[in-house]
Amino acid sequence: MTNLQAKQAPKPAKAHGIGHNDAHDDGFSDLHPAYSSLQAMAESNRCLYCYDAPCVTACPTSIDIPSFIRKISTGNPDGAAKTILSANIMGGTCARACPTEVLCEQACVRNVAEDTAVEIGSLQRFAVDHLMDRDLPHPFKRAEATGKKIAVVGAGPAGLSCAHRAAMLGHDVTVFEAKAKPGGLNEYGLAAYKMTNDFAQREVEFLLGIGGIRIEYGKALGRDISIAFLKESHDAVFVGVGLGSTNNLGLKGEEFPGVDDAITFIEQLRQTEPKSEMPVGDNVIVIGGGNTAIDAAVQAKRLGASEVTLVYRRGPENMSATEFEQDLAKTNGVVVRYWAKPVAIKTNGKLQGMSFEKTALDDSGKLVGTGETFDVHADQILKAIGQKIKTDDLAGMEITGGKIIVDDTYQTTAPGVFAGGDCIKSGEDLTVQSVEDGKQAAIAIDAFLKTATA
């Protein structure tokens with residue numbers, strides 16, 4: 001197929017407004033509609049199959065992107081999926097939620113040749129979905145049983161990735177999860193329009209198809225289980241607890257009804273069906289500059305809030321949310337105000353809004369208040385100003401800068417206890433990085449166990 005033909009084939013646009021799929025159209029359908037076979041074939045033929053492809057280097061899990069795209073172009077999507085999943089067992093979620101525009105797609109050489117990258121994320125989703133939808137046997141086999149038992153704390157991306165790779169290596173794995181469902185932020189923390197049709201649970205079910213993995217729910221570290229207990233009853237422990245606590249504004253009235261954490265708002269929305277039953281304020285303020293802030297703001301608007309104002313203390317170039325995400329907020333009617341920090345929560349028997357002070361950089365580059373203030377009316381405030389680790393029962397593990405310290409093998413300062421995901425500092429706090437952490441930690445645990453029994 002020529003490049004001209006490829007361009008003529010229809011492609012699902014990365015629409016910034018409300019997406020569409022066959023299931024529903026309530027403001028929470030797919031943000032990026034899935035490729036058809038024709039669309040996937042056309043897009044795959046745009047790939048130049050680069051040697052030492054920069055897109056592979058840009059992927060935290062080092063998926064062989066040219067190889068999987070080549071398999072799609074030759075009519076082998078299941079083979080493409082196996083290539084993806086061998087590097088990233090949660091490739092389905094990452095295809096939906098990864099900021100590909102600043103990772104693999106940003107590195108694509110097509111950006112130079114045509115100003116348009118190959119849509120790697122959409123092709124990845126096409127391949128993985130094709131395999132999962134066919135209900136085939138699990139694509140990977142377990143190694144011969146080692147008789148070793150591994151405990152994994154947390155059924156989020158890092159924990160599940162570790163569990164899957166450890167099971168592949170022949171170990172028996174028990175995952176201890178505090179909540180009633182597995183998936184971590186994939187289930188509870190991503191915008192509903194990014195993870196439609198209960199995909200997070202479908203992916204976990206697929207992942208468990210490897211065998212050798214058992215999940216115990218309602219088991220929280222520090223409340224129901226301890227690291228000491230897990231070390232006594234298992235040969236190694238992996239901690240993938242994420243960042244369980246949220247930061248506070250430190251303002252009077254922060255506990256007032258209507259002032260909530262954005263991550264809690266998103267979690268409640270993800271578990272509400274139909275979404276229209278989720279209560280939302282008429283005038284909503286969202287504080288923060290990351291993807292969580294964008295997700296909360298857009299979803300509040302789609303739920304029917306009359307006005308949603310997102311306030312960030314610096315400029316747009318300083319936001320951790322990608323340019324695409326920022327644009328998504330604006331095109332969904334979110335008012336974005338930069339260079340302002342909250343200084344007071346206004347109440348009078350009920351929540352009335354917030355006062356903000358305008359900010360600027362002084363001569364030394366430090367962020368300072370200007371003394372000029374303004375008010376924003378609101379009956380709901382959502383805080384998205386970052387998360388921090390819960391230190392419950394992490395005794396024996398050194399923590400610096402709010403992260404668990406690990407060595408090059410992901411082992412903590414507690415012997416035999418490994419960690420990965422958002423609770424350590426290995427890269428950006430992204431699902432794809434957590435998956436890589438879990439995978440590499442499982443490989444390190446396998447080497448650790450072999451050394452211990454040698």
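For the single chain, residues carry numbers from 1 onward in sequence order.
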Ionic contact status for Asp295 with Lys194, cut-off 4.0 Å
yes

Under a 4.0 Å N-O cut-off, is there an ion pair linking Arg142 with Asp172?
yes

For residues 252-264, the side-chain hydrogen bond (donor to acceptor under 3.5 Å, both in side chains) pairs (sequence neighbours left out) are Thr246-Asp261, Glu254-Lys383

Would Arg313 count as a cation-pi partner of Phe356, with NZ or CZ less than 6.0 Å from the six-membered ring centre and within 45° of the ring normal?
no

Just checking Tyr338 against Tyr312, ring centres under 6.0 Å apart?
no

Stepwise side chain to side chain contact (heavy atoms under 4.5 Å, CB included) test for Ile294 and Leu310:
CA-CA 8 Å; Ile294 300 291; Leu310 189 152; 3.9 Å; yes

For Glu177, what residues pass the salt bridge (charged side-chain N to carboxylate O under 4.0 Å, His left out) criterion, not counting sequence neighbours?
none

Could you list the donor-acceptor pairs under 3.5 angstrom formed by side chains in residues 89-96, with sequence neighbours left out?
{"from": "Thr93", "atom 1": "OG1", "to": "Glu203", "atom 2": "OE1", "distance (Å)": "2.5"}
{"from": "Arg96", "atom 1": "NH1", "to": "Gly92", "atom 2": "O", "distance (Å)": "3.1"}
{"from": "Arg96", "atom 1": "NH1", "to": "Asp129", "atom 2": "OD1", "distance (Å)": "3.2"}
{"from": "Arg96", "atom 1": "NH2", "to": "Asp129", "atom 2": "OD1", "distance (Å)": "3.3"}
{"from": "Arg96", "atom 1": "NH2", "to": "Asp129", "atom 2": "OD2", "distance (Å)": "2.8"}

Taking the six-membered ring for Trp, are Phe324 and His32 ring centroids under 6.0 Å apart?
yes

Kindly state each residue pair satisfying side-chain hydrogen bond (donor to acceptor under 3.5 Å, both in side chains) with at least one member in residues 228-243, sequence neighbours excluded.
none

Let me see the working for Phe238 and Tyr410 under ring-ring contact (aromatic ring centres under 6.0 Å, His included), right down to the final yes or no.
CA-CA 9 Å; Phe238 175 80; Tyr410 289 88; 7.9 Å; no

Using a strict 4.0 Å threshold on nitrogen-to-oxygen distance, state whether Lys403 and Asp429 make a salt bridge.
yes

Using only atom types and a distance under 3.5 Å, with no angle test, would you say the side chain of Glu357 pairs donor to acceptor with the backbone of Gly371?
yes

Side-chain ion pair, Glu267 and Lys181, N-O less than 4.0 Å
no

For residues 204-214, which residue pairs pass the side-chain hydrogen bond (donor to acceptor under 3.5 Å, both in side chains) check, not counting sequence neighbours?
Thr174-Arg214, Arg214-Glu216

If the condition is side-chain hydrogen bond (donor to acceptor under 3.5 Å, both in side chains), which residues does Thr370 pass it with, not counting sequence neighbours?
none

Determine, step by step, whether Asp30 and Phe199 satisfy the side chain to side chain contact (heavy atoms under 4.5 Å, CB included) criterion, reporting the C-alpha distance in whole Å, the side-chain angles of both residues, the deciding distance to 0.1 Å, and the verdict.
CA-CA 11 Å; Asp30 258 330; Phe199 182 79; over 6 Å; no

State whether the side chain of Lys219 and the backbone N or O of Val175 hold a donor-acceptor pair below 3.5 Å, judged by distance alone.
no

